[in-house]
2 protein chains.
Amino acid sequence: MAYRPTDQIIHKAAWLYYTHGLRQDEVAQRLNISRASVALYLRKAREAGIVNISTSTHLFRDDRLARRVEDAFGLDTVWLTGEEGLAATPAAEIPTLAANVFVEMVENGGRVCVAWGRTVYAIADAMNYADREGVTVVEMCGNLGSPYSYRPDQCTMEIARRLNARGLNFYAPLVLSTEKLARELREEPVIREQLDGIGDCDLALFTVGALDTDSHVIKCGALSLDELAKLKALGAAGVIAGQMIGADGKLLDCDYNRRMISADFDAIRAIPRRLMVVQEDEKLEPLLAAIAGRFFTHLVTTSSMAERLVEHHAKPVPA
Amino acid sequence: MAYRPTDQIIHKAAWLYYTHGLRQDEVAQRLNISRASVALYLRKAREAGIVNISTSTHLFRDDRLARRVEDAFGLDTVWLTGEEGLAATPAAEIPTLAANVFVEMVENGGRVCVAWGRTVYAIADAMNYADREGVTVVEMCGNLGSPYSYRPDQCTMEIARRLNARGLNFYAPLVLSTEKLARELREEPVIREQLDGIGDCDLALFTVGALDTDSHVIKCGALSLDELAKLKALGAAGVIAGQMIGADGKLLDCDYNRRMISADFDAIRAIPRRLMVVQEDEKLEPLLAAIAGRFFTHLVTTSSMAERLVEHHAKPVPA
DNA sequence: CATGTCGATTGACAAAAGTCAATTCGAGCT
DNA sequence: AGCTCGAATTGACTTTTGTCAATCGACATG
């Protein structure tokens, strides 16, 4: 963070107000400025992450159901949002919780890796500005130039901005038209380096995609409806960082995957803490596939999804 | 933290207010309680560390002088409080800054070790309630039952309370009347274990004591004026965790030190991050001794002390 | 069963914080 | 020097928050 000279006074105001507990008029008096300026500076301080206000996410862990999911699938931690409509708007609950959980997990000097999608973008949006130091945010997969407002590079950069971190973008498309081109591109040093760097991360944030006709891969134009149907016939059950996986969680052996520039699954699994966020109730099948592939260690989802997960676990072979 | 049933609603109120940014009356409406209750719950949430408000301490690092001290003495980080009277009361500035720096340094699951003294107690007092998990706070040296209000065990316990941590006290006096008894006591399993545990910490908080007639060791009755004079004649330059050190930073070879139950110096130096806090301007000589002994890696002190340190470094052999 | 006690809760008022249009300041240009 | 434009700052007003005495209600006790 480059320190502009005016930052100094913002810092001082924040220190006096939040740390020493002075009132705004007292701060104003001491710094010889108007109280209105103090109020302005304090807002800036909050936005810049000079002041950090965070709420414990314990509430969402302190739940029998969450523990049952942890035990059933061997996950490190599960956070659930209840039915009770604790959010301002119901749709905001999962991203807000995920953002808080994620920020708590990011450590100074850490290297985090983020995927993209509607959910990840919403998380970025709900994320507080935090005053981390030396954090690097890297993209997990190639980009898609698209009419979509939540492009992958925007996700990365927005998250980096909130964490006061350095953002590293992937300078490649997500999916290419031929397998040959994808292979060649993957061997380009710039790309190679980025791909190799994913395994060095200590934290990952991602979601699993569904394969409905209105799902993300379709909407952003990575895949046609025709191709989708074929992939489903081949056994595709979900999407991880753009790549198709089967119900067993393994990379699907298909042309589409071979045309992809994205994180190697072993590299993803080499990351010690991997936070999966699932918002939509329709994503049970993809989520189970992601569990089978051991893609994540931490999970944020809804109570209703958790119930279905536990239920499924009780009788893994449906009648 | 044991969750009382009423904590649930405090959590919810805090989440809605701080994370979702609702107003108090909106929170009240949603939770079906009066707004006054919401205000009350929010205060409790802040006090319990459910909500964490922390201010960046960058301001105090962003200082040429701090860098010069870091370079001159090979320290990791130095924070300085300026002359400008940024504090509510000047005397509160150092403890408040130190408390904030310290809390930032404490990591979940960590093991921290604290010494005691007027300054450490003031730091404990200025410390925010933080929502850490799995932290252990251990005492660095034996206790002194005394008329003093800042007894070592109080320091430990207060800091533990603020960090939502487990506090481990030393069940031994700081100084005994004979060397033999001290030696025997050190070999008691309970004590041995505590002493050995100090080297396993990843963070330490302590100060260096002076040897004036009104200094801490005298006031709390650990030492008589007579003894003090003798120790000074022997070359005592400062006090670290109760023990006398010479100007070279080495443990002074004296009867007093041998009667002491306190952390082994090698154990202290085995702790990777050690935060030294020096408030009083008279402590230049003790601080230089502590530097010579490589007792600390991080330092919080005043600008004026920093100036004298740098000055001293420029001409280490005074005319 | 009335009564006392204590903590939780509330209504009403006072204090503090947020907001915004108007004004001042200051860098860059003529 | 005088002028222009945009950003920083402020005073005045509105909204939100903090506080505290009064009240409620659960539970224990004579």
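In what follows, chains carry the letters A, B, and so on, assigned in the order in which the sequence lines appear, proteins first and then strands, with residues in each chain numbered from 1.
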Quiz item: Could a donor-acceptor pair under 3.5 angstrom be found where the side chain of B/R23 meets the base of C/dG18?
Solution: no
Can you tell me how far [atom2] of [N] sits from [atom1] of [X], to the nearest Å?
{"X": "B/R35", "N": "D/dC20", "atom1": "CZ", "atom2": "C1'", "result": "13 Å"}
{"X": "A/Q24", "N": "C/dT19", "atom1": "CD", "atom2": "P", "result": "11 Å"}
{"X": "A/I9", "N": "D/dA8", "atom1": "CD1", "atom2": "P", "result": "13 Å"}
{"X": "A/L31", "N": "D/dT10", "atom1": "CG", "atom2": "P", "result": "11 Å"}
{"X": "B/D25", "N": "C/dA12", "atom1": "CG", "atom2": "P", "result": "16 Å"}
{"X": "A/K44", "N": "C/dG18", "atom1": "NZ", "atom2": "C1'", "result": "16 Å"}

[X] side chain N/O closer than 4.0 Å to the phosphate oxygens (OP1, OP2) of [N]?
{"X": "A/S37", "N": "D/dT9", "result": "no"}
{"X": "A/Y17", "N": "C/dA17", "result": "yes"}
{"X": "A/Y41", "N": "D/dA8", "result": "no"}

Quiz item: Which comes earlier along DNA chain C counting from the 5' end, the contact point of B/L40 or that of A/R43, where each point is its nearest nucleotide?
Solution: B/L40
Quiz item: Is the number of heavy atoms from other residues, nucleotides or ligands under 6.0 Å of A/E47 CD greater than 12?
Solution: yes
Self-check item: Partner of B/T156 by side-chain contact (heavy atoms from CB on, under 4.5 Å), out of B/V114, B/L168, B/V112
Solution: B/V114
Quiz prompt | Qualifying residue for side-chain contact (heavy atoms from CB on, under 4.5 Å) with A/N128, from A/I53, A/N100, A/L163 | solution = A/N100
Practice problem: Indicate, with a heavy-atom threshold strictly under 4.0 Å, whether A/I33 touches base, sugar-phosphate, or nothing. | Solution: sugar-phosphate
Exercise. Compare the minimum distances between each of D/dT19, C/dT9, C/dT19 and the side chain of B/S34, then state the nucleotide with the smallest one.
Key: C/dT9
Quiz item: Aromatic rings B/H11 and A/H58: how do their planes relate, parallel, tilted or perpendicular, breaks at 30° and 60°?
Solution: parallel
